[in-house]
Amino acid sequence: MIVIAVRAGVKEPLPALRLYRSVGQPRAAVLLLHGGRADALEPPPALNLPLARMRPFVRAIGRATAGRPVALGRVRYGHRGWNGERADAARDARLAMDELATLAGAVPTVLVGHSMGARAALHAAGHPQVKAVVGLAPWCPPEDPVDHLAGRTVVLLHGDRDRITDPAQTWAFAARARAAGADVRELPMPGGDHAMLRGAADWHAHTTRLVLELLGTAS
């Protein structure tokens with residue numbers, strides 16, 4: 001983890017980037033973004049279920065990239081919710097990318113986000129270091145922009161039993177992003193729910209395989 005400085009007994013603001021694994025000279029990076037709420041200004045709690053849902057993905061991706069020059073981390077949110085036009089999670093995702101550039105240089109990065117985290121990752125995909133986004137049960141409102149996704153790879157996975165985010169909106173977003181010039185792949189997860197508990201092993205395996213593929217020779 002990044003060490004937080006303390007001066008005069010006052011803790012500095014926590015960074016948006018939290019590293020699970022750092023390497024001396026990374027050639028690529030993977031950042032994970034967990035879900036949240038539509039509206040909530042308080043910070044995520046210490047016992048955070050959306051963050052816990054991403055831990056199996058961290059472990060799987062960590063094992064698959066072990067020994068490779070790949071930095072692995074997550075985006076830390078300052079607020080629990082998206083919060084309308086504030087788009088707090090997207091702002092934190094872009095800030096984390098800037099912090100990653102400062103720490104590791106201009107390394108190609110794959111963003112893996114769930115629900116609100118996928119929405120944040122898609123918003124942040126215009127950052128010059130973002131190579132690809134993997135969206136898990138993503139939140140894709142029809143008003144969200146897509147033009148900045150031109151030249152990026154976007155992979156969207158969604159289960160047909162999701163009652164929190166709408167798979168139909170995901171596939172509509174995919175069509176708009178493809179028309180805008182993104183390389184879009186759609187991966188339906190039959191029987192999958194929003195929490196990714198049904199067929200959990202398949203969610204983890206598909207995501208890990210996709211990350212390795214998207215890292216390509218950079219890994």
Side-chain angles (χ1 to χ4, degrees), residues 17-23 25-35 53-75 90 93-94 96-98 100-101 103-115 117-140 146-159 170-171 173-178 180-189 192 196 200-219:
L17 174 66
R18 306 293 285 173
L19 289 178
Y20 295 116
R21 181 184 68 212
S22 182
V23 293
Q25 294 183 320
R27 295 174 56 195
V30 181
L31 295 187
L32 292 96
L33 301 89
H34 64 77
R53 287 194 184 109
M54 298 305 288
R55 286 174 185 156
F57 293 93
V58 174
R59 289 193 292 268
I61 294 169
R63 286 192 298 266
T65 58
R68 305 186 187 197
V70 178
L72 178 63
R74 70 174 174 91
V75 175
R94 287 188 288 265
M97 289 302 306
D98 289 340
L100 178 63
L103 287 173
V107 295
T109 302
V110 176
L111 302 179
V112 179
H114 172 237
S115 191
R119 187 181 186 187
L122 290 165
H123 273 248
H127 192 284
Q129 287 181 221
V130 176
K131 180 179 182 180
V133 173
V134 178
L136 310 172
W139 179 17
C140 296
V146 295
D147 289 346
H148 65 290
L149 297 173
R152 303 296 196 271
T153 298
V154 176
V155 186
L156 303 176
L157 294 73
H158 216 139
T170 294
W171 311 138
F173 181 93
R176 292 196 297 119
R178 185 177 292 110
D183 175 13
V184 182
R185 309 180 204 176
E186 303 163 45
L187 184 56
M189 300 292 287
M196 304 178 293
D202 290 336
W203 286 92
H204 305 153
H206 285 313
T207 301
T208 302
R209 172 184 57 80
L210 288 165
V211 166
L212 291 177
E213 176 186 337
L214 294 166
L215 288 174
T217 56
S219 64

Does the side chain of [X] reach to within under 4.5 Å of the side chain of [Y], using non-hydrogen atoms?
X: His123; Y: Arg94; result: yes
X: Trp171; Y: Pro188; result: yes
X: Leu19; Y: Leu103; result: yes
X: Arg74; Y: Leu31; result: no
X: Met189; Y: His206; result: yes
X: Met54; Y: His34; result: yes

At their closest point, which heavy atom of [X] faces which heavy atom of [Y], and how far apart are they?
X: Ala71; Y: Val23; result: N-CG2, 4.2 Å
X: Val107; Y: Pro26; result: CG1-O, 3.3 Å
X: Ala28; Y: Leu215; result: CB-CD2, 3.7 Å
X: Leu33; Y: Ala93; result: CD2-CB, 3.7 Å
X: Leu122; Y: His148; result: O-NE2, 2.6 Å
X: Ala180; Y: Asp147; result: CB-OD1, 4.0 Å

Value rounded to 0.5 Å, distance of [atom1] in [X] from [atom2] in [Y]:
X: His204; Y: Met196; atom1: NE2; atom2: CE; answer: 6.5 Å
X: Met97; Y: Gln129; atom1: CE; atom2: CD; answer: 4.5 Å
X: Asp183; Y: Leu149; atom1: CG; atom2: CG; answer: 11.5 Å
X: Leu210; Y: Thr208; atom1: CG; atom2: OG1; answer: 9.0 Å
X: Arg119; Y: Trp139; atom1: CZ; atom2: CH2; answer: 4.5 Å

Original post:
How would you list, by chain and number, every residue that makes a side chain to side chain contact (heavy atoms under 4.5 Å, CB included) with Asp98, sequence neighbours excluded?
Top reply: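 For Asp98, the residues satisfying side chain to side chain contact (heavy atoms under 4.5 Å, CB included) (neighbours in sequence not counted) are His127.
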**OP:** For Val58, check side chain to side chain contact (heavy atoms under 4.5 Å, CB included) against everything at least two apart and list the hits.
**Re:**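 Checked Val58 against side chain to side chain contact (heavy atoms under 4.5 Å, CB included); matches are Tyr20, Leu32, Leu72.
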**OP:** Could you check Leu136, Val30, Val211 and say which one makes a side-chain contact (heavy atoms from CB on, under 4.5 Å) with Phe57?
**Re:**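 Going through Leu136, Val30, Val211 one by one, the side-chain contact (heavy atoms from CB on, under 4.5 Å) with Phe57 is satisfied by Leu136 alone.
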Subject >> Those residues that, when tested against Arg209, pass salt bridge (charged side-chain N to carboxylate O under 4.0 Å, His left out) (two or more places apart) >> reply: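 Arg209: salt bridge (charged side-chain N to carboxylate O under 4.0 Å, His left out) contacts with Glu213.
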Kindly say whether [Y] contributes a backbone atom to a donor-acceptor pair with the side chain of [X] at under 3.5 angstrom?
X: Arg152; Y: Val130; result: yes
X: Lys131; Y: Leu214; result: yes
X: Arg18; Y: Val75; result: no

Subject >> Pair Thr65, Arg21: side-chain N/O donor-acceptor within cut-off below 3.5 Å >> reply: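 Thr65 vs Arg21: donor-acceptor pair found between side chains.
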All side chain to side chain donor-acceptor pair (under 3.5 Å) counterparts of [X], not counting sequence neighbours:
X: Arg178; answer: Glu186
X: Ser115; answer: His194
X: His158; answer: Asp162, Thr165, Thr170

